[in-house]
Structure formats: structure tokens, C-alpha cells
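Inspection log for the structure reproduced underneath, given as C-alpha cells.
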Amino acid sequence: MAVHSTETAANTSSVALGPAAALSCRECGERFDLGPIFACASCFGPLEVAYDLPSGDPESLKKQIEAGPDNIWRYAPLLPVPVDVADKPNLNPGFTKLVKADRLAAELGVTGGLYVKDDSGNPTHSFKDRVVAIAVEAARAFGFTTLSCSSTGNLAGAVGAAARRAGFKSCVFIPHDLEAGKVVMAAVYGGDLVGIEGNYDDVNRFCSELIGDPLGEGWGFVNVNLRPYYGEGSKTLAYEICEQLGWQLPDQLVIPIASGSQLTKIDKGLKELIALGLVEDKPYKIFGAQAEGCSPVSTAFKAGHDVVRPQKPMTIAKSLAIGNPADGPYVLDIARRTGGAVEDVDDEQIVDAIKLLARTEGIFAETAGGVTVGVTKKLIEDGLLDPSLTTVVLNTGDGLKTLDAVAPTSGPTATIRPNLDAFRAAGLAG
């Protein structure tokens with residue numbers, strides 16, 4: 001198949017991004033040179049990275065990975081990054097904990113093994129550090145000087161931090177009404193932070209216009225013109241989960257849906273591990289999780305539709321509040337292909353699930369984590385998720401970012417005078 005050249009911010013013929021060979025259209029399969037483009041010139045389908053992946057002995061590749069650094073760069077042979085990526089200034093995210101959640105399992109009636117992949121341990125306390133780390137390397141390769149993004153909050157902080165660490169300028173765009181914690185975290189790094197009057201979809205449309213304007217020259221928008229590379233960071237969740245399970249595929253995964261890119265790339269990562277012989281091929285099911293107040297993919301799945309109709313978001317899970325998810329149709333395909341499902345929970349169920357995870361496992365999840373735990377509970381109750389199988393639930397961020405969700409119902413058990421009689425009178429002793 002012919003590979004088409006693209007005019008970019010740098011001479012892409014000299015771009016060295018490891019095993020990345022080209023960009024390939026997910027719809028028609030047409031291939032393009034590596035560059036900062038995100039849509040097929042023929043059919044306008046989304047582009048993703050195509051690879052010349054390692055061949056040879058899987059056991060040797062396993063040993064190479066296991067000898068690597070305790071971050072996502074242990075998987076550099078499978079990612080669109082230069083071979084010396086670990087030596088460059090980066091936040092070095094990844095290899096977060098896979099927590100065996102036995103107490104949560106007991107509460108939910110899971111007998112086959114329940115795990116929480118807790119990505120709150122990343123440098124800016126969300127999984128977005130993974131995708132931004134890959135985008136930074138692409139931005140370097142293509143000669144950009146400013147990093148930018150449209151964000152529901154976590155990505156803004158991740159871009160601000162990564163830009164400062166890597167020596168880029170940054171200018172990020174967010175809806176004007178985000179949670180205060182996320183606004184502060186995005187602003188503290190000193191880059192430009194711009195609030196847009198409107199929701200995330202309005203912010204994203206504005207960024208698409210800015211890319212085509214001279215004002216945006218030299219800017220790498222991590223989730224727009226660098227999106228094919230950015231998305232590959234989510235594959236590292238699949239790699240880590242399987243390695244942490246002893247190079248085994250989980251039977252079931254529950255993954256939150258915002259744009260849907262994380263879910264589609266985790267599936268891509270699992271398929272790559274199978275193709276490389278790093279894990280034994282067996283069936284697995286992927287379940288998508290949304291908030292009821294922004295559930296376009298769940299609505300389409302339940303209705304049996306292939307088209308995802310946009311919705312106006314209205315939920316406390318603002319990190320998932322994307323009413324027109326770009327990868328929604330691909331999420332539907334994956335859920336149906338693997339025998340999974342897409343489900344949603346309301347705001348009250350989200351808060352209850354955040355508290356359940358905190359109470360059982362000592363993990364304080366942001367609202368997106370409440371969505372995945374709440375949906376897991378609902379899937380089990382509805383007989384859609386098999387409690388006898390090994391299940392991995394994703395927590396993609398730290399609850400300190402979304403304190404408003406639980407603050408009204410979380411506070412001191414009692415306020416007393418500083419003496420033992422007052423403590424006894426409060427009924428807390430014994």
C-alpha cells in the first residue's frame with residue numbers, strides 16, 4: 001500500500017519514533033508518513049500509529065521489558081518513541097499499582113479475583129500523564145515549541161506539568177466551570193490556562209479552529225494534531241495489567257469512557273501482546289462505563305445503534321463529560337466483539353461507589369473511578385459481568401481532584417471538647 005507524504009512542522013522523513021512506521025486510517029486503511037496529522041485525507045477517518053513491531057523470541061522480549069525502568073519506558077520497543085526516550089526530560093509516568101481488591105470483591109460478590117488498576121499514582125495523579133508523555137516525544141520530533149490541549153481537567157494539569165519538565169511553553173483550554181482543584185493544578189505550573197465559556201465540546205471545537213490559524217503555528221495540540229501518538233499512551237495500561245498479572249490476560253475489564261480513546265487503545269494493546277506471543281490468546285470482555293448525565297455511548301449500546309448521538313453533559317463526573325465522543329462508535333464495536341457491554345450510573349451511585357472503594361480498599365478515586373466501580377456493581381447485579389472471572393477495574397484519577405462530589409456527605413464523625421468525658425459522651429469509645 002502506498003504511503004502518502006505530509007507537510008509538517010519538521011522533515012518527517014528523518015523522524016525517529018522507534019517502531020512507528022506510518023499513520024494508518026482506521027476506516028479505509030490508507031497510510032501516511034509520520035507527522036502531526038490526525039485525519040485521513042481520503043475519507044476523513046481517524047489515523048493511528050502503525051508499527052514494525054519486534055519479531056523473534058517472546059521470552060527475550062519479556063526479559064528486555066522486565067529489565068527496563070519502572071515506568072512506561074520499559075515498553076519503549078512497542079511505542080512511538082525514540083530508543084533513547086528514557087534519557088530525555090519527561091515525567092516518566094506509569095507502572096502504577098494493580099491492587100488486589102479482596103474487600104471490595106467481597107462487597108460486590110466477586111469470587112474470581114478483583115483488581116483495581118490505580119492510576120492516581122502518576123505524577124499529576126491521573127492516567128493522562130501516560131498519553132501526554134508519548135505526545136511530548138512526538139512534539140519534540142516534529143519541532144513544536146508549545147504544547148496545548150482541550151481538556152476536562154486532568155489533561156490540562158498533565159500538559160502543564162509535562163511541558164515545564166520537557167522545556168516547552170504551554171497554553172491549555174478548559175471549560176470555565178471545572179472543579180477548583182483541577183483548575184489550580186493546571187494553573188500552578190505557570191503556563192497559560194484559558195477558560196472557555198461552554199462545555200468540553202465547545203472547547204474542542206475552538207482548538208480545532210486554532211490549529212488552522214496562524215496563531216496556532218508551532219503548537220502541538222496533544223489530543224488533536226498529535227492525537228495518533230497521544231492515544232498510544234493508553235496501551236501501556238494494557239501492557240502493565242498483563243505483566244502485573246504474570247503475563248496473563250484478564251478475563252474482564254471495566255474502563256471509563258470520555259472520548260473512548262482509552263478503551264480502544266487498551267484493546268489495541270491487548271491484541272498486540274497476543275500477536276507478539278507475550279500472553280496466551282484467550283477471550284476477554286471489555287465493559288465501558290459512563291455517567292448517566294453524559295452517556296451517549298451507553299445509550300447507543302442499549303438501543304442497538306451503531307451511531308452515537310451527541311448529548312449535553314450534566315454530571316458530577318466532569319472528566320468524562322464529553323457529549324460527542326470521537327471514539328464512541330469504536331467502543332461499541334469492541335464491547336460487542338468481546339461480549340462486553342456499556343453501562344452508566346447516576347451521580348448518587350457515583351458518590352456511593354467512591355465511598356465504597358475508599359472504605360474497602362483505602363483508594364480515594366475521583367468521580368471517573370466512582371463511575372467504573374459503580375458500573376461494575378451494576379453489571380454484576382444485572383448478570384452481565386461474571387463474578388467468577390478475573391476482573392480489572394480502572395481508577396484513572398485521584399479523589400483529591402473532585403472533592404466537591406463527596407464533601408457534602410464526608411466530614412468529622414463528631415466535634416468534641418478536648419477531654420475523655422466528651423469523647424465517651426460522643427459514643428465513639430469501645
Side-chain angles (χ1 to χ4, degrees), residues 95-122 126-127 237-257 262-263 266-267 269-270 279-280 282-291 298 317 320 335 338-399 402 405-406 409-410:
F95 221 63
T96 54
K97 293 180 181 179
L98 183 69
V99 179
K100 193 167 190 300
D102 291 339
R103 292 183 181 86
L104 179 61
E107 289 269 356
L108 299 181
V110 175
T111 58
L114 180 64
Y115 297 84
V116 176
K117 181 58 172 170
D118 185 15
D119 245 24
S120 65
N122 276 312
S126 90
F127 92 95
L237 280 160
Y239 299 158
E240 288 178 20
I241 288 168
C242 291
E243 183 180 353
Q244 290 168 325
L245 288 174
W247 294 106
Q248 298 283 329
L249 288 169
D251 297 313
Q252 303 171 134
L253 298 100
V254 185
I255 304 168
I257 298 170
Q262 182 187 69
L263 186 150
I266 288 176
D267 178 63
L270 296 177
V279 296
E280 182 182 353
K282 71 171 187 177
Y284 59 87
K285 295 183 179 181
I286 290 183
F287 297 86
Q290 292 203 289
S298 173
L320 303 183
T338 65
V342 186
E343 187 54 271
D344 55 80
V345 285
D346 63 29
D347 285 356
E348 183 178 352
Q349 291 170 308
I350 293 169
V351 172
D352 288 345
I354 291 171
K355 292 184 172 181
L356 174 62
L357 181 59
R359 174 171 56 82
T360 56
E361 300 298 339
I363 297 172
F364 184 19
E366 72 161 14
T367 47
V371 169
T372 53
V373 173
V375 163
T376 300
K377 182 175 185 291
K378 189 173 182 179
L379 290 168
I380 292 170
E381 291 170 348
D382 292 345
L384 297 174
L385 190 145
D386 189 339
S388 69
L389 299 178
T390 301
T391 303
V392 176
V393 177
L394 269 66
N395 172 44
T396 52
D398 195 314
T402 57
V406 294
T409 55
S410 301

Which residues share a salt bridge (charged side-chain N to carboxylate O under 4.0 Å, His left out) with Asp267, sequence neighbours left out: Lys271, Arg337
For Asp118, salt bridge (charged side-chain N to carboxylate O under 4.0 Å, His left out) partners two or more places apart: none
For [X], side-chain contact (heavy atoms from CB on, under 4.5 Å) partners two or more places apart:
X	answer
Lys97	Val99
Ala368	Ser319, Leu320, Glu366, Thr396
Ala353	Val373
Ser126	Lys128, Asn154, Lys401

Closest non-hydrogen atom pair between [X] and [Y], with its separation:
X	Y	value
Gly370	Ile354	CA-CG1, 3.6 Å
Asp102	Lys100	OD1-NZ, 2.7 Å
Leu356	Thr360	O-OG1, 2.7 Å
Ile255	Thr372	C-CG2, 4.0 Å
Ala291	Ala317	CB-CB, 4.0 Å
Ala341	Leu379	CB-CD2, 4.5 Å

Going by salt bridge (Lys or Arg N to Asp or Glu O under 4.0 Å), name the pairs with one or both residues in [range], residues two or more places apart or in two chains.
range	value
residues 382-396	none
residues 239-256	Arg74-Glu243, Lys117-Glu240, Arg130-Glu240, Asp251-Lys282
residues 368-378	Glu343-Lys378, Lys377-Glu381

Donor-acceptor contacts, no H, no angles, side chain residues 103-114, under 3.5 Å, sequence neighbours left out:
from   : atom 1 : to     : atom 2 : distance (Å)
Glu107 : OE2    : Arg359 : NH1    : 2.9
Thr111 : OG1    : Pro387 : O      : 3.4

Set of side chain to side chain donor-acceptor pair (under 3.5 Å) partners for Asp346, sequence neighbours left out: none
Derivation of the side-chain contact (heavy atoms from CB on, under 4.5 Å) call for Leu394 and Ile241: CA-CA 10 Å; Leu394 269 66; Ile241 288 168; 4.3 Å; yes
Minimum side-chain heavy-atom gap [X]-[Y] below 4.5 Å:
X	Y	result
Val351	Asp347	no
Val406	Phe364	yes
Leu385	Phe287	yes

Side-chain donor/acceptor of Gln244 to backbone N/O of Thr96, under 3.5 Å: yes
Sequence-distant partners of Tyr239, ring-ring contact (aromatic ring centres under 6.0 Å, His included), two or more places apart: Tyr75
Side chain to side chain contact (heavy atoms under 4.5 Å, CB included), paired with Leu253, selected from Thr390, Ile266, Leu237: Ile266
Full working for side-chain contact (heavy atoms from CB on, under 4.5 Å) between Leu389 and Lys285: CA-CA 10 Å; Leu389 299 178; Lys285 295 183 179 181; 5.8 Å; no
